[in-house]
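Only a predicted model underlies this, so the values are computations on that prediction, with no experimental measurement involved.
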Amino acid sequence: MEDLYLKQIHSPQDLKKLNEEQLEELAKEIREELIETVSKTGGHLASNLGVVELTIALHKVFRSPEDKIVWDVGHQTYVHKLLTGRYDRFSSLRTEGGISGFSRPSESEHDMFYSGHSSTSVSAALGIAEGNKLKGNKNYAIAVIGDGAFTGGMVYEALNNAGRSGTRLIVILNNNEMSISKNVGAVAKYLAVIRSKPSYFRLKERTENFLNRIPLIGKKCAKAIFNLKTHIKNLIYSSTMFEQFGFRYMGPIDGHNIQQLCDALEGAKEAKKPVLLHIHTIKGKGYDFAEKAPAAFHGVSEFDINTGEPIFSDDNFSKEFGTFLAEMAAKDRRICAITAAMSLGTGLAVFQKKYPERLFDVGIAEEHAVTFCSGLAKAGMLPVFAVYSSFLQRAYDQIVHDGALQGQKIILAVDRAGFVGEDGETHQGILDVPFLNTIPDITIFSPATYSELRANFVKAFYHMDGLVAIRYPRGAEKELPNDFHFSDKTFDIYGDPALDIAVLAYGREFAFACEAKSILASKGISFKIVKLNQIKPIDLKIYEQLLNCRAVFFFEESEKNGSVGEVIGASLCNRGFRGIYHQIAVPNEFVCHAGVASQLHRYHLDVNGMIEEIQGVWNEIS
C-alpha cells in the first residue's frame, strides 16, 4: 500500500487537517511502515504497533513542541518520529548516521528527553508542568507511561508529588498487559467514555458554578450532589489508587479508537487538576506474529515479514550464560536467578522453564533486585542477578550498601557490557567498569570466551566470598589462537614473557589483540599480551610483567575515566615506570548509535585500531 497520507505529514500541524476516516487510513499506513522498516533495521516493534492510535491522537489534540510529550521509554517513539517530520529518514532507523531508535532531543525539538530507562516520565513531566505554572504558561505536559513501568518505585514518588500540584499535567497510562482497573462491566465502560468527553467537564463546571452562586443553600446543594455522585460512582467503580494520589482518573478506554482517544484528551485538558487517563492497548497490534508473541517482538533483529522468524540466530553470551546457569541449578538447589523484567533478553528462558520457583522477576526495579538478592543470600541461597550493564547503573547505591558492605554472596551477571550498537547513548555498557571499580570488596571478571564464562561462575559460586560481578558483551565469542590456554588464574601471558612491549586487554579485546599480534609479527613488531582474567582487584604480580617494558598499551572497551587502565597506569607511575604507557579507551563522551564493529573501529579498539596505535608508538621508540 502506498503511503498516501503518511508522506503528507511533515509536522504535527499537517495531521490536524485529516478527518476521522483519513486518520484511520493513516494508522494502517504507519503500521505497514513500522513492520517494513523494523524487519530490515531491527528495533522495538510490538510496543510501537501498540501506540499507533494513541500517538496520532496526541498530536491531533495537543500542539507539540509547545505542549511537551514525555515518553517513559523512548523505544516506543517510532510513530512519534513519523509524525514529527522524520518520515523521509525513517528507513535509516538505528543505523549509523540515521535517526535514533529512542527519543533524542538533538534530533528533533519534539523529543523532550533522552529516555532509555523506565519509570521516569511522570517526574520529568511534572517538572515541566511546575515550570509552566511558575511562568504563567498555559501549555500542557503529558507523560506517556506503560503499566510495566509501574513496577519501578520512582513512578510512585512522582505520583505522590504530582497529585495535588494543581498543574496542567496529564499522565497517560498505556495498559497493555496487566489490568490495574477492576472496572470491567458494560455500564462502567460506557460511563468511562462519557466521563472522558470534554462536554462532560464543561457541563460539570457550569453546574458547580451555578449552584455555588445561589445564596445560602447553593454550596450545600453542590456538596450534597457531589457526595451523591461519588456514592453512585463508587457503586459502579472501585476507587483507584490514582484518585487517592489526588489525580482525576479517567478511563479505562479503548486505546485503538482514535475518536475516543481524542475526546478523552480534550476532556483531560478541561480538568482543573492533574489527570490520569487510563487506556487499554494491544502490544503488536496489526501484525499477527507480534500480537501472538509480543515479548519476542519487544526488541528484534532483522526478521522475515512473512514468517516472523529472525534472519540471524547465532549463539551469544546471554544464551550461553542462561544454559549454563540452568545446568548449575540442576546440581545446586540454592542457585536462584533474578531479573528486572528482562528474562528473555538476559538468556533466562531455559532457567525460567525448568525452575520457575527459583526465577524471580522483580519488574523494572533494579534497586530492589540487588537488595532482594542480599536477602536471598542471607537466607542461604546463591542469587544471580542478570541485568544489562546500562540498567545496573540504577542500583549503584544498593550495590554499595546492600551488596558489598554487607559481604553477602551476590553474583551480578552483567550482560551487554561494552558497546551494544544500535540502541545508542542510553544503552552502551561502558560505565559499569568505572563505577564498579570504585566499590570496595568486590571482585570483577570479564571473560573472553564461553568456557571462561563458565569457569568464572563456578569460581564465584564455590571459591569466593562477597559480591562478584561477571561482565560479558553482547554477541558471540571471538575465536582465540590454538596455542593460547586459559589458566583460570588472575591473569595470563600470551607470547614471550621476556618481551619489553606489552599489550593489556580483557574480554573480547583479547581476541582482537591476538589477531593484531599475529599481523604485526609479520612486520617485525613483537609483543606479549597480558590478558586480565580478573579486573578487580588487580593481582600485584602483574606489575612484574610491566615495569621493565619500553611500552605498555592498554586497550579497554570502557569509559576511560575510572577504568582499569587508569588504575594500572597510576600504579605503574607510582612504582617508577620509565616507559611509555598508552591507554586506548572511550573518552569522556556518550557513544552514539552505530553497529558494534563501527563503534570499535571509531575508538581504535578493533584489530586495525590496535595495529595503528601500536605501530605508531613502535616507530617512535625503535
Legend entry - Electrostatic pair Glu515:Lys478 at N-O distance under 4.0 angstrom: no

Legend entry - Distance-only polar pair, side chains of Thr151 and His368, donor-acceptor under 3.5 Å: no

Inset, instruction - Determine yes or no for a side-chain-to-main-chain donor-acceptor pair under 3.5 angstrom, with Lys283 supplying the side chain and Ala293 the backbone. - result: no

Inset, instruction - Verify the distance criterion only: is there a donor paired with an acceptor across the side chains of Glu425 and Tyr114 at less than 3.5 Å? - result: no

Legend entry - side chain to side chain contact (heavy atoms under 4.5 Å, CB included) involving Ser100 - partner list, sequence neighbours excluded: Lys81, Phe102, Arg104, Glu107, His593

Inset, instruction - Using side chain to side chain contact (heavy atoms under 4.5 Å, CB included) as the criterion, list what pairs up with Glu327, not counting sequence neighbours. - result: Thr323, Phe324

Legend entry - Quiz item: cation-pi between Lys517 and Tyr494, 6.0 Å / 45°: yes

Inset, instruction - Kindly indicate whether a cation-pi arrangement holds for Arg358 with Tyr355, taking the cut-offs as under 6.0 Å to the six-membered ring centre and within 45° of the axis. - result: yes

Legend entry - Pairwise side-chain hydrogen bond (donor to acceptor under 3.5 Å, both in side chains) hits with a residue in residues 391-401, at least two apart: Tyr396-Thr438

Legend entry - By side chain to side chain contact (heavy atoms under 4.5 Å, CB included) - contacts of Thr346 (at least two apart): Thr339, Met342, Leu348, Ala386, Tyr388, Asp415

Inset, instruction - Output yes when Lys531 and Asp492 qualify as a salt bridge under the 4.0 Å nitrogen-oxygen rule, no when they do not. - result: no

Legend entry - ring-ring contact (aromatic ring centres under 6.0 Å, His included) contacts touching residues 600-622 (sequence neighbours left out): Phe419-Tyr603

Legend entry - salt bridge (Lys or Arg N to Asp or Glu O under 4.0 Å) partners of Arg334, counting only residues at least two apart: Asp332

